[in-house]
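Notes for the one structure printed next.
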Amino acid sequence: MHRGRPSPTLADRMPTSSHHKARRRQFLAAIDSPVLLMAGGWISRNYPANWHPFRADSTFLFFFPDPEPNAAALFDPKDRSVTLFLDERTQADALWHGPVPSFADVKKAIGVDAVEKRADLKRLVQKKCGRRSVRTVAIADPRATAEARAITGDKVDFFDAAKVAHADVVAAIAKLRCHRTSEELAEMRRAAAVTREAHTLAMARTRPGIYEQELVGHVEGTFARHGCVPAYNTILSVRGEVLHNHAHDNLLHETDLVLLDAGAEAASGYCADVTRTWPVNGRFSPEAADVYDVVLAAEKAAIEAVRPGARYRDLHLLACRVLAEGLVGMGLLKGDPDELVASGAHALFFPHGVGHLLGLDVHDMEAFGDRVAYGAGRTRSKQFGTAYLRLDLDLTPGMCFTIEPGIYFVPAILRDPAFRKQFRGQVDFARTERFLTMNSLRGFGGVRIEDDVLCTEDGHETLTAAVPKERIAVEALVGSGGA
């Protein structure tokens, strides 16, 4: 269906058409009112005909393989029908995009009840639904959202998580999207394999005297070679203390640490999200080794605790405790690790949550806000650091998420007068200055280690376990690829 990039054959496509058809049936069974979904369209980069690469809204992509730009779909629970709306086929399509499948071909391949002209969307929705209430879902494409709002009268707003869609629609979508089938997992494993290749190549090509952008080119070139795109803007930086650092203009020095947070997104939309940290010169300094080992221990402990019924917030707190214990051992924190976590002192070094849902969005369904990511009756902590925890659900088989603890030396945090006063008895701020000023005053930076984890019937599976993270394996890789 997707005009703009080559499509896999039906035999090769995963998830399969039968999978998408089953998902549509499940959604129809879960809703009481008609629901209009929009794929979104081309969005201009700097002038109207110069478009960003098209990427369909994730909920639309969940129900339809390889969606076309500007597609829409009406789910009607009254007769259990799905009507797909596509742009008309024209000579211009053949000229600019090559052969485009006919409506009849699409209907047969996708297995919908009808395929209609996109130009008739408003008229046919009103004709089919009459006076019944029609719901919709706000998406990133503002024109598509405005059109859906005008057709349905549903007051949705993409930039307000409470208004992205009606609560019943969100609940129906989240119940389906939160649990992976075998076909979805196959795609996530495919993305994980490509991501492994990208990370190992970046490690192998690391050497002092090159710019971060050169390694980014290796990462994103690997994605492209496999028909993938970056699932999010690649984070590759020697300034690892900046959590979402997308600037790639730093020169790699001998004593720097490189932090790479990057994941491939397959053509199906399913993605990976992995972070690794390594020394530019191929050998962790004593201080870096200490920090790295503490972070790795925290990550392993949280992953090992994954099982059905476990609360995700408890995984976060477990990682925090391991980090606090390690920071006490390094002399950076003072006191009992449990008390340090309770007071929030650990968050001066670990100021974010331990992870998030993962699937068709790298932060899966984050547009729906905490009504999906937090369990009933649960709200975000107001404590610094823990307030950024993106997920607080009880785990069930089929859920995929990241585990990504870190330790960072952020000047704006560790030199903040209010924090220094609040935690003066629990943080050795004099010792933190050694980290803030090392590496020719560039500072230590940060270490994060992140993997993608599936909750299974009897425990867990680390989907990205093949990406090296043991110190000895990382050191062996760095610089091994030559110039």
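None of these values were measured; they are calculated from a predicted model.
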Can you sort out the partners of Glu404 under side chain to side chain donor-acceptor pair (under 3.5 Å), two or more places apart, ordered by chain and number? His356, Thr402
Salt bridge or not for [X] and [Y], using N-O below 4.0 Å?
{"X": "Glu183", "Y": "Arg23", "answer": "no"}
{"X": "Glu265", "Y": "Arg55", "answer": "yes"}
{"X": "Asp261", "Y": "Arg276", "answer": "no"}
{"X": "Arg225", "Y": "Glu197", "answer": "yes"}
{"X": "Arg180", "Y": "Asp364", "answer": "yes"}
{"X": "Asp394", "Y": "Arg378", "answer": "yes"}
{"X": "Asp451", "Y": "Lys469", "answer": "yes"}

Side chains of [X] and [Y] in contact at under 4.5 Å (non-hydrogen atoms):
{"X": "Arg205", "Y": "Glu214", "answer": "no"}
{"X": "Leu395", "Y": "Leu315", "answer": "yes"}
{"X": "Leu393", "Y": "Arg311", "answer": "no"}
{"X": "Thr464", "Y": "Thr462", "answer": "yes"}
{"X": "Cys129", "Y": "Leu74", "answer": "yes"}
{"X": "His248", "Y": "Ser237", "answer": "no"}
{"X": "Arg118", "Y": "Leu86", "answer": "no"}
{"X": "Thr136", "Y": "Arg149", "answer": "no"}

Is a side-chain N or O of [X] found less than 3.5 angstrom from the main chain of [Y], in a donor-acceptor match?
{"X": "His346", "Y": "Cys320", "value": "no"}
{"X": "His20", "Y": "Thr16", "value": "yes"}
{"X": "Asp370", "Y": "Tyr374", "value": "no"}
{"X": "Thr234", "Y": "Ala262", "value": "no"}
{"X": "His226", "Y": "Arg190", "value": "no"}
{"X": "Asp416", "Y": "Ala418", "value": "yes"}
{"X": "Glu116", "Y": "Leu121", "value": "no"}
{"X": "Arg135", "Y": "Val169", "value": "no"}
{"X": "Asp452", "Y": "Asp273", "value": "yes"}
{"X": "Ser343", "Y": "Leu340", "value": "yes"}

Might you point out which heavy atoms bring [X] and [Y] nearest each other, and give the distance in Å?
{"X": "Leu260", "Y": "Trp278", "answer": "CB-CH2, 3.6 Å"}
{"X": "Pro405", "Y": "Ile403", "answer": "CD-C, 3.8 Å"}
{"X": "Pro308", "Y": "Gly459", "answer": "CD-N, 4.0 Å"}
{"X": "Leu318", "Y": "Ala305", "answer": "CD2-CB, 3.8 Å"}
{"X": "Leu185", "Y": "Cys400", "answer": "CD2-SG, 3.8 Å"}
{"X": "Ser381", "Y": "Thr386", "answer": "CB-CG2, 3.7 Å"}

List the steps and the verdict of side-chain contact (heavy atoms from CB on, under 4.5 Å) for Phe349 and Val410. CA-CA 8 Å; Phe349 302 92; Val410 184; over 6 Å; no
For Lys155, all residues meeting side-chain contact (heavy atoms from CB on, under 4.5 Å), sequence neighbours excluded: none
With sequence neighbours excluded, residues passing side-chain contact (heavy atoms from CB on, under 4.5 Å) with Arg143: Asp141
Quick one: [atom1] on [X] to [atom2] on [Y], what's the gap to the nearest 0.5 Å?
{"X": "Leu259", "Y": "Thr277", "atom1": "CG", "atom2": "OG1", "answer": "4.0 Å"}
{"X": "Leu348", "Y": "Ile413", "atom1": "CG", "atom2": "CD1", "answer": "6.5 Å"}
{"X": "Lys175", "Y": "Gln26", "atom1": "NZ", "atom2": "CD", "answer": "9.5 Å"}
{"X": "Glu184", "Y": "Leu360", "atom1": "CD", "atom2": "CG", "answer": "7.0 Å"}
{"X": "Asn70", "Y": "Asp87", "atom1": "CG", "atom2": "CG", "answer": "4.5 Å"}
{"X": "Asp361", "Y": "Tyr270", "atom1": "CG", "atom2": "OH", "answer": "10.0 Å"}

Take the angle between the ring planes of Tyr312 and Phe401 and call it parallel below 30°, perpendicular above 60°, tilted in between. perpendicular
Take the angle between the ring planes of Phe419 and Phe384 and call it parallel below 30°, perpendicular above 60°, tilted in between. tilted
Do Phe62 and Phe27 have ring centroids that are under 6.0 Å from one another? no
Ring centroids only, cut at 6.0 angstrom: are Phe350 and His316 within range, meaning strictly under it? yes
Name every donor-acceptor pair, under 3.5 Å, that has one atom in a side chain of residues 104-113 and the other anywhere in the protein, sequence neighbours excluded.
from, atom 1, to, atom 2, distance (Å)
Asp105, OD2, Ser102, OG, 3.2
Lys107, NZ, Asp113, O, 3.4
Asp113, OD2, Val82, N, 2.7

side-chain contact (heavy atoms from CB on, under 4.5 Å) evaluation trace for Val137 with Val164: CA-CA 6 Å; Val137 178; Val164 170; 4.1 Å; yes
Tyr408: which residues meet the ring-ring contact (aromatic ring centres under 6.0 Å, His included) condition with it, sequence neighbours left out? His352
Just checking Lys21: does its NZ atom have more than 12 heavy atoms from other residues, nucleotides or ligands closer to it than 6.0 angstrom? no
Over 12 non-hydrogen atoms of neighbours within 6.0 angstrom of CD in Glu304: no
Given Glu299, which of Val354, Thr275, Ile449, Val322 fulfils the side chain to side chain contact (heavy atoms under 4.5 Å, CB included) condition? Ile449
Show the numbers, then the answer: is there a side-chain contact (heavy atoms from CB on, under 4.5 Å) between Leu236 and Val258? CA-CA 7 Å; Leu236 189 150; Val258 174; 4.1 Å; yes
With Asp76, the salt bridge (Lys or Arg N to Asp or Glu O under 4.0 Å) member among Lys127, Arg24, Arg132: Arg132
Which donor-acceptor pairs under 3.5 Å do side chains of residues 29-41 form with protein atoms, sequence neighbours excluded?
none

Going by atom types alone, do Ser268 and Glu187 pair a side-chain donor with an acceptor below 3.5 Å? yes
Assess whether side-chain contact (heavy atoms from CB on, under 4.5 Å) is satisfied between His363 and Leu357, documenting all intermediate values. CA-CA 6 Å; His363 292 174; Leu357 288 171; over 6 Å; no
